[in-house]
There are 2 protein chains.
Amino acid sequence: MSSQINPSLAMFEQLAKVARALGHPHRLMVLQLVGQSETAVEDIAARAAISMANASQHLQRLRQAGLVTSRKQGQKVLYRLADDTVLSLLAALRDIGERNLADVQQLIQSYFRQRDSLEPVSRAELARRIRHRQVTVLDVRSEQEFAAGHLPGAINIPVNELRRRLNELPRSQQVVAYCRGAYCVFSYEAVAQLRSRGFEAYRLEDGYPEWKAAGMAVESDGGPV
Amino acid sequence: MSSQINPSLAMFEQLAKVARALGHPHRLMVLQLVGQSETAVEDIAARAAISMANASQHLQRLRQAGLVTSRKQGQKVLYRLADDTVLSLLAALRDIGERNLADVQQLIQSYFRQRDSLEPVSRAELARRIRHRQVTVLDVRSEQEFAAGHLPGAINIPVNELRRRLNELPRSQQVVAYCRGAYCVFSYEAVAQLRSRGFEAYRLEDGYPEWKAAGMAVESDGGPV
DNA sequence: CCGGTATTCTAGAATTCAATTGATTACTTA
DNA sequence: TAAGTAATCAATTGAATTCTAGAATACCGG
């Protein structure tokens with residue numbers, strides 16, 4: 001089945017394998033999680049709400065497609081993205097969806113846009129506001145994800161704790177929230193909550209992995225690795 | 001199956017659908033063909049060496065994924081790429097393969113590199129040589145593909161006719177050959193043949209669709225459309 | 001309106017894929 | 001070395017995909 005006479009078809013066969021590896025919602029979710037930081041199978045399974053055996057199988061498929069790599073540390077196996085170019089591939093996929101799929105456009109309209117009628121803040125714009133100390137940067141991912149790396153000076157309040165920890169945020173300046181990526185619901189949720197409490201809140205247009213891949217400054221608390 | 005409570009998962013479900021549409025070698029082949037010009041199902045089937053019913057099914061799947069669009073003209077249905085961003089998506093897929101898949105690297109080594117030990121010519125470099133009239137540009141695709149659009153001043157000799165039409169190429173200057181895309185075998189084949197006949201021959205790094213998408217000048221003989 | 005052509009639809013067989021369950025491996029530490 | 005933890009493997013089931021073949025549809029030109 002894989003012994004092709006035509007080298008072009010053989011090449012397409014290989015690339016199709018990569019595409020099929022992207023062809024399952026759980027694997028895209030797993031890629032997003034692994035894109036945050038090097039992560040153990042157990043944590044991935046928990047965050048993606050799937051069984052560990054299932055997560056392991058998905059990760060192996062992603063590894064065979066050259067999308068993630070793994071290394072063993074003690075009893076854990078840590079997975080991470082093979083490359084920053086994987087993020088470009090995911091971005092291209094998103095772009096097609098947004099441009100050409102009615103279902104995606106409707107999803108954006110009916111869920112995401114409703115939650116955030118204002119324009120998101122671009123990376124460059126946020127960097128400028130950070131330099132001028134005009135902004136509180138809020139990371140609404142989990143503690144572990146935050147510890148492994150975050151935007152410079154960011155405050156970490158996981159979104160499910162936001163309601164009872166609002167007092168940690170200064171009301172004197174605007175807040176820009178971010179999370180795992182472009183359509184991670186956490187930052188939408190956070191911005192909606194903050195606005196309803198009177199904050200001037202915005203959302204970063206994408207998440208931590210894209211910020212880091214763009215070569216912008218990051219901080220870390222020395223989490224895993 | 002598609003009624004997701006979690007909007008993030010619903011989004012991933014949609015994007016996975018796009019990825020699965022790319023997940024078959026024949027569909028990647030079909031995309032490459034459709035990327036040359038607006039093309040009827042019959043022609044696509046013939047060039048991809050698959051049955052017409054099968055081509056029709058693949059095309060419908062690509063359309064549902066927002067990768068191609070179609071319109072009816074007379075009794076024919078003409079398909080074309082939905083977007084130039086589809087080319088970016090394919091390029092990103094290729095990039096992952098080249099970087100991270102041993103099978104792809106080996107395929108490149110064992111077939112493509114062997115046929116073309118010299119570096120390919122970039123678009124910008126070829127454009128410069130065209131301006132300075134230092135080069136014969138050779139299009140080795142089919143007549144129909146050529147007629148629908150080609151590089152400015154290019155000569156069309158389909159690769160299977162090259163051997164007996166060598167006299168149409170001036171020996172006074174170098175030849176740069178191109179075809180459908182990065183790993184289209186035609187241009188490799190052509191360069192190998194030309195070099196063995198004493199020509200100074202090179203390959204363009206990618207094909208006609210990428211040239212056109214980059215906004216560079218093209219010509220057409222007023223083919224379909 | 002009819003015959004011919006291009007395409008799509010339908011049904012069915014072979015293949016691949018996804019998720020679960022329970023067993024197994026590899027490693028750590030008590 | 002034994003117990004425990006993290007991950008993978010193996011086998012199964014049901015679902016989705018792929019391709020073929022033949023039927024059905026849509027449209028053109030006469």
Side-chain angles (χ1 to χ4, degrees), chain A residues 1-4 9 12-14 16-31 33-34 38-65 67-80 144 224, chain B residues 1-4 9 12-14 16-31 33-34 38-65 67-80 144 224:
Chain A
M1 63 189 74
S2 61
S3 65
Q4 294 287 351
L9 251 195
F12 285 141
E13 175 69 58
Q14 292 299 317
K17 207 174 73 178
V18 179
R20 281 198 301 273
L22 293 171
H24 192 286
H26 283 166
R27 281 196 292 272
L28 291 176
M29 175 93 213
V30 165
L31 274 182
L33 293 170
V34 167
E38 213 176 17
T39 313
V41 181
E42 194 175 26
D43 296 338
I44 295 164
R47 285 181 199 150
I50 58 181
S51 76
M52 206 161 82
N54 197 198
S56 176
Q57 284 162 345
H58 283 312
L59 284 162
Q60 282 170 73
R61 187 118 188 231
L62 291 171
R63 185 174 49 201
Q64 279 166 19
L67 294 165
V68 306
T69 59
S70 65
R71 71 187 176 95
K72 203 151 191 183
Q73 192 186 47
Q75 358 189 159
K76 295 180 188 281
V77 176
L78 303 180
Y79 283 85
R80 64 185 159 117
Q144 296 91 326
Chain B
M1 65 188 73
S2 60
S3 66
Q4 294 287 350
L9 250 195
F12 285 140
E13 176 69 56
Q14 293 300 316
K17 204 173 76 177
V18 178
R20 280 197 303 272
L22 294 171
H24 192 286
H26 284 166
R27 281 196 292 271
L28 291 176
M29 175 94 214
V30 165
L31 274 182
L33 294 170
V34 167
E38 213 177 16
T39 314
V41 181
E42 193 175 27
D43 297 337
I44 294 164
R47 285 179 200 154
I50 57 181
S51 76
M52 208 162 78
N54 197 4
S56 175
Q57 284 162 345
H58 283 314
L59 284 163
Q60 281 171 73
R61 185 116 189 232
L62 290 170
R63 185 175 48 201
Q64 278 165 19
L67 294 165
V68 306
T69 59
S70 65
R71 72 189 176 95
K72 206 152 190 183
Q73 192 185 48
Q75 358 192 21
K76 295 179 188 277
V77 177
L78 302 179
Y79 284 85
R80 65 183 159 117
Q144 296 90 326

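Just so we're on the same page: letters track the sequence lines, and every chain starts at 1.
Ranking D:dT20, C:dG22, C:dA18 by closeness to the B:Q57 side chain, first place goes to D:dT20. The side chain of A:Q60 has D:dC9 as its nearest neighbour among D:dC9, D:dT20, C:dA19. Checked against D:dT8, C:dT7, D:dA21, the side chain of B:A53 finds its nearest nucleotide in D:dA21. Listed nucleotides D:dA7, C:dA6, D:dT8 differ in distance to A:K76; the shortest reach to its side chain belongs to D:dA7. With distances taken from any side-chain atom of A:R20 to the nucleotides D:dA26, C:dC27, C:dC17, the minimum falls on C:dC17. The side chain of A:R61 lies closest to C:dA18, out of D:dA7, C:dA18, D:dA26. Between D:dA7, D:dC19, C:dA6, one nucleotide has an atom nearer to the side chain of B:H26 than all others, and that is D:dC19. Between D:dT20, C:dT7, D:dA7, one nucleotide has an atom nearer to the side chain of B:N54 than all others, and that is D:dT20. The side chain of B:R27 lies closest to D:dT18, out of D:dA21, D:dC27, D:dT18.
Between the CG atom of A:L62 and the C1' atom of C:dC17 there is a distance of 14 Å, given to the nearest Å. When rounded to the nearest whole Å, the span between CG of A:L78 and P of D:dA7 equals 8 Å. Distance, A:E13 CD to D:dT18 P: 11 Å, rounded to whole Å. Between A:M52 atom CE and C:dA23 atom C1' there is a gap of 14 Å when expressed in whole angstrom units. Between A:L59 atom CG and D:dA6 atom C1' there is a gap of 13 Å when expressed in whole angstrom units. Residue B:Q73 contributes atom CD, which lies 19 Å from atom P of C:dT5 at whole-angstrom precision. Rounded to whole Å, the distance from NE2 on B:H24 to P on C:dT15 is 14 Å. Following rounding to the nearest Å, B:I50 (CD1) and C:dT7 (C1') show an atom-to-atom distance of 14 Å.
Scanning all heavy atoms of the two residues, the minimum distance from A:A16 to B:H24 falls at CB-N, 3.6 Å.
Backbone-only contact: B:A40 has heavy atoms under 4.0 Å from sugar-phosphate atoms and none from a base. Nucleic acid contact class of B:E42 (heavy atoms, under 4.0 Å, all strands): sugar-phosphate only.
Counting only distance, with no hydrogens or angles, the side chain of A:R20 and the backbone of B:G23 share a donor-acceptor pair below 3.5 Å.
The side chain of B:Y79 contributes no N or O atom lying less than 4.0 Å from OP1 or OP2 of C:dA6.
Under the side-chain contact (heavy atoms from CB on, under 4.5 Å) test applied with A:R47, the options A:E42, A:M29, A:Q144 reduce to a single match, A:Q144. Each of A:Q73, A:K76, A:R71 was evaluated against A:E38; a single residue qualifies, A:R71, per the side-chain hydrogen bond (donor to acceptor under 3.5 Å, both in side chains) test.
Under a cut-off of 6.0 angstrom, the local environment of CZ in B:R80 is sparse, with at most 12 non-hydrogen atoms contributed by other residues, nucleotides or ligands.
Applying the 3.5 Å distance criterion, the base of C:dT28 shares no donor-acceptor pair with the side chain of A:Q75.
Between B:L67 and B:V34 the shortest side-chain heavy-atom distance does not fall below 4.5 Å.
Nearest-nucleotide mapping onto DNA chain C: of A:H58 and B:S56, the residue sitting toward the 5' end is B:S56.
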